[in-house]
**Student:** 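Structure provided below as structure tokens; questions to follow.
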Amino acid sequence: MIYIVKRIDEDLDFGCEERSENAPVMAVVTLVNSAGEELKIKAEDAMLYEKAINEGNKVYFDKDNKLEKALDEA
């Protein structure tokens with residue numbers, strides 16, 4: 001299924017503690033499917049930069065359930 005990246009926000013929810021020193025910086029990614037349904041996931045911020053995934057891009061989940069940019073967005 002193809003999703004549109006509606007919004008990318010910094011994940012600021014660390015529970016009652018701060019983010020541990022070894023934990024990667026995470027982002028909350030809001031996705032919208034073709035039916036208009038929203039899905040929020042957490043993804044590593046560095047991975048989003050590495051794959052050049054930005055708001056407005058088309059994405060999908062690969063076989064490992066990781067976000068990938070849709071081919072027409074390359």
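For this chain, numbers begin at 1 and follow the sequence in order.
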**Student:** Is K69 reaching over with its side chain to a backbone N or O of N57, donor-acceptor style, under 3.5 angstrom?
**Tutor:**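 Between the backbone of N57 and the side chain of K69 there is no qualifying donor-acceptor contact (under 3.5 Å).
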**Student:** Flag the pair L31 / L67 as yes when at least one side-chain heavy-atom distance between them is below 4.5 Å, and no otherwise.
**Tutor:**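 In short, these two side chains touch, coming nearer than 4.5 Å.
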**Student:** With a cutoff of under 4.5 Å between side-chain heavy atoms, which Ile, Leu, Val, Met, Phe, Trp and Tyr residues group with Y60?
**Tutor:**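 Members other than Y60 - counting any ILVMFWY side chain reachable under 4.5 Å - are I2.
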**Student:** When clusters are formed from ILVMFWY side-chain contacts under 4.5 Å, directly or step by step, what else is grouped with Y49?
**Tutor:**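 Same cluster as Y49: nobody, lone residue.
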**Student:** Taking side chain to side chain donor-acceptor pair (under 3.5 Å) as the definition, give me every residue that meets it alongside D9, ordered by chain and number, with sequence neighbours left out.
**Tutor:**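 Expected list: R7.
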**Student:** Side chains of V29 and V5: closer than 4.5 Å at any heavy-atom pair?
**Tutor:** yes
**Student:** With sequence neighbours left out, write down each residue that passes side chain to side chain contact (heavy atoms under 4.5 Å, CB included) with N65, or none if nothing qualifies.
**Tutor:**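 Once residues adjacent in sequence are excluded, the partners of N65 under the side chain to side chain contact (heavy atoms under 4.5 Å, CB included) criterion are F61.
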**Student:** Please name all residues satisfying salt bridge (Lys or Arg N to Asp or Glu O under 4.0 Å) with E68, sequence neighbours left out, ordered by chain then number.
**Tutor:**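 Testing E68 for salt bridge (Lys or Arg N to Asp or Glu O under 4.0 Å), a comparison that skips the adjacent residues, returns K51.
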**Student:** Which pairs count as salt bridge (Lys or Arg N to Asp or Glu O under 4.0 Å) when at least one residue sits in residues 26-39, sequence neighbours excluded?
**Tutor:** K6-E38
**Student:** Within the structure provided, determine whether I4 and K58 are in side-chain contact (heavy-atom separation under 4.5 Å).
**Tutor:**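 They are in side-chain contact.
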**Student:** Is a side-chain N or O of D62 found less than 3.5 angstrom from the main chain of D64, in a donor-acceptor match?
**Tutor:** yes
**Student:** Between V32 and V28, is there a shared hydrophobic cluster once you connect ILVMFWY residues whose side-chain heavy atoms come closer than 4.5 Å?
**Tutor:** no
